[in-house]
Amino acid sequence: MSLVKLTIKGISYSQTQNGAYALILNEVDGDRKLPIVIGAFEAQSIAIALEKEIKPPRPMTHDLFKNFADRFEIIVKQVIIHKLVDGVFYSSLICERDKIEEIIDARTSDAIALALRFCAPIFTYKNILDKAGIFLKSNSFETEKDADDASDVLSNPETFGMEETNQSGQTYSKNSIPELLELLEAAVLNEDYEKAAKVRDEISKRDS
């Protein structure tokens with residue numbers, strides 16, 4: 001399977017889940033975006049790594065890992081988001097020490113926080129981006145769907161299955177397809193990628 005390189009577009013506060021944030025990853029050679037819901041601590045750690053001028057007075061957890069790895073000459077070469085199951089992204093750290101490569105399982109938010117500190121590239125597989133990516137086309141976002149398994153599109157990764165609700169407090173399962181398409185278009189126009197991903201998830205479940 002071919003790998004697709006990703007960059008970090010930014011972090012936005014979740015409008016639907018208190019204390020949650022949407023991490024937006026960009027396809028390097030394309031227009032698709034990969035939204036991932038992460039917790040407040042991980043969002044803070046990623047934000048600090050992105051802002052080079054900000055340095056906490058004491059090492060945060062990911063800084064401690066970096067210091068530990070540097071001391072023992074361990075390098076994180078790259079991060080791969082390698083699996084998407086039931087709306088949860090799974091990632092691996094590709095590490096090297098003494099020219100020996102090791103693969104370590106990690107939460108995606110932790111893996112990206114470490115990738116920033118090691119200046120390591122971030123990749124995902126094309127089939128994952130096809131399934132969960134949101135892309136810009138003809139002035140609107142559309143979704144790429146896997147016809148065989150559309151129900152696995154992003155749901156609530158790393159938030160322990162909190163149910164998504166719309167502004168009226170109802171679940172998206174109660175909305176019709178035309179209503180969902182309107183919600184998706186509005187979310188994209190407002191650049192609320194976390195909401196767009198969840199509405200897209202509901203549409204994909206109906207199509208599966």
Side-chain angles (χ1 to χ4, degrees), residues 1-11 20-30 32-50 52 56 59-135 144 146 148-161 193-194 197 201:
M1 290 183 289
S2 60
L3 287 172
V4 179
K5 190 173 183 179
L6 303 170
T7 58
I8 298 175
K9 174 179 173 61
I11 302 172
Y21 291 79
L23 171 66
I24 313 301
L25 302 177
N26 251 6
E27 180 183 18
V28 170
D29 296 320
R32 287 179 292 186
K33 294 173 176 58
L34 192 66
I36 300 174
V37 180
I38 63 176
F41 172 78
E42 292 80 8
Q44 180 187 49
S45 181
I46 291 170
I48 287 175
L50 288 170
K52 302 299 183 182
M60 298 180 67
T61 303
H62 299 109
D63 298 319
L64 177 62
F65 184 99
K66 174 66 163 58
N67 294 340
F68 181 89
D70 288 345
R71 182 65 60 91
F72 291 94
E73 300 181 345
I74 300 169
I75 301 170
V76 174
K77 296 177 62 180
Q78 62 184 13
V79 164
I80 299 178
I81 303 171
H82 64 84
K83 187 166 62 173
L84 173 61
V85 178
D86 295 331
V88 178
F89 290 96
Y90 292 79
S91 295
S92 295
L93 302 172
I94 312 301
C95 305
E96 184 179 271
R97 180 173 184 265
D98 294 334
K99 297 183 179 181
I100 298 175
E101 192 171 276
E102 299 286 350
I103 301 175
I104 300 175
D105 181 49
R107 295 190 310 164
T108 299
S109 54
D110 290 328
I112 291 173
L114 290 172
L116 286 170
R117 286 162 170 81
F118 283 89
C119 298
I122 302 166
F123 296 93
T124 191
Y125 289 110
K126 182 180 181 299
N127 67 316
I128 293 177
L129 195 58
D130 288 344
K131 185 182 297 184
I134 297 174
F135 70 102
E144 297 254 75
D146 187 312
D148 295 327
D149 193 13
S151 63
D152 275 346
V153 177
L154 172 65
S155 177
N156 288 300
E158 305 187 347
T159 56
F160 304 100
Y193 300 116
E194 183 254 352
D201 181 46

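Residue numbers count from 1 along this sequence.
With a 4.5 Å cut-off on side-chain heavy atoms, Ile38 and Ile112 do not count as touching. Arg117 has its side chain within reach of Ser45: a pair of non-hydrogen atoms, C-beta onward, lies under 4.5 Å apart. Contact annotation: the side chain of Leu3 approaches that of Tyr125 to within less than 4.5 Å [non-hydrogen atoms, C-beta and beyond]. Val76 has its side chain out of reach of Lys66: every pair of non-hydrogen atoms, C-beta onward, lies at least 4.5 Å apart. For the pair Ile134/Pro35, a side-chain contact is recorded, criterion being any heavy-atom separation below 4.5 Å from C-beta on. Considering only heavy atoms from C-beta on, Asn26 stays 4.5 Å or farther from Ile8 through its side chain. Considering only heavy atoms from C-beta on, Phe41 comes within 4.5 Å of Met60 through its side chain.
Here CD of Glu42 is found 10.5 Å from CD1 of Ile11. Values are rounded to the nearest 0.5 Å. Rounding to the nearest 0.5 Å places NZ of Lys9 at 11.5 Å from CG of Leu25. Ile36 CD1 to Ser109 OG: the interatomic distance, rounded to the nearest 0.5 Å, is 8.5 Å. Note that CG of Leu114 is 10.0 Å distant from OG1 of Thr61, once rounded to the nearest 0.5 Å. For the atom pair NE2 (His82) and CD1 (Ile94), the distance works out to 8.5 Å, reported to the nearest 0.5 Å. Leu84 contributes atom CG, which lies 9.0 Å from atom CG of Asn127 (distance to the nearest 0.5 angstrom).
Nearest approach of Cys95 to Ile104, heavy atoms of both residues: SG-CD1, 3.9 Å. Between Asp130 and Arg32 the shortest heavy-atom distance is OD1-NH1, 2.6 Å. Closest of all the heavy-atom pairs between Phe89 and Ala132 is CZ-CB, 3.9 Å. Contact detail for Leu129 and Glu27: the closest heavy-atom pair is CD2-CD, 3.6 Å. Residues Ala20 and Val37 approach most closely at CB-CG1, 4.0 Å, considering heavy atoms. Here the shortest heavy-atom pairing between Ser91 and Thr108 reads OG-OG1, 2.7 Å.
Between Ile74 and the choices Glu96, Arg97, Glu102, the side chain to side chain contact (heavy atoms under 4.5 Å, CB included) rule is met once, by Arg97.
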Criterion side chain to side chain contact (heavy atoms under 4.5 Å, CB included) on Asp29 and Lys5, from CA distance to verdict | CA-CA 8 Å; Asp29 296 320; Lys5 190 173 183 179; over 6 Å; no
Worked verdict on Leu93 versus Val79 for side chain to side chain contact (heavy atoms under 4.5 Å, CB included) | CA-CA 5 Å; Leu93 302 172; Val79 164; 3.6 Å; yes
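At distances below 3.5 Å, at least one donor-acceptor pair connects side-chain atoms of Thr124 with backbone N or O atoms of Ile81.
By the 30° and 60° cut-offs, the orientation of the rings of Phe65 relative to Phe118 is perpendicular.
Annotation for Glu101: atom CD counts as buried by contact number, over 12 foreign heavy atoms lying within 6.0 Å.
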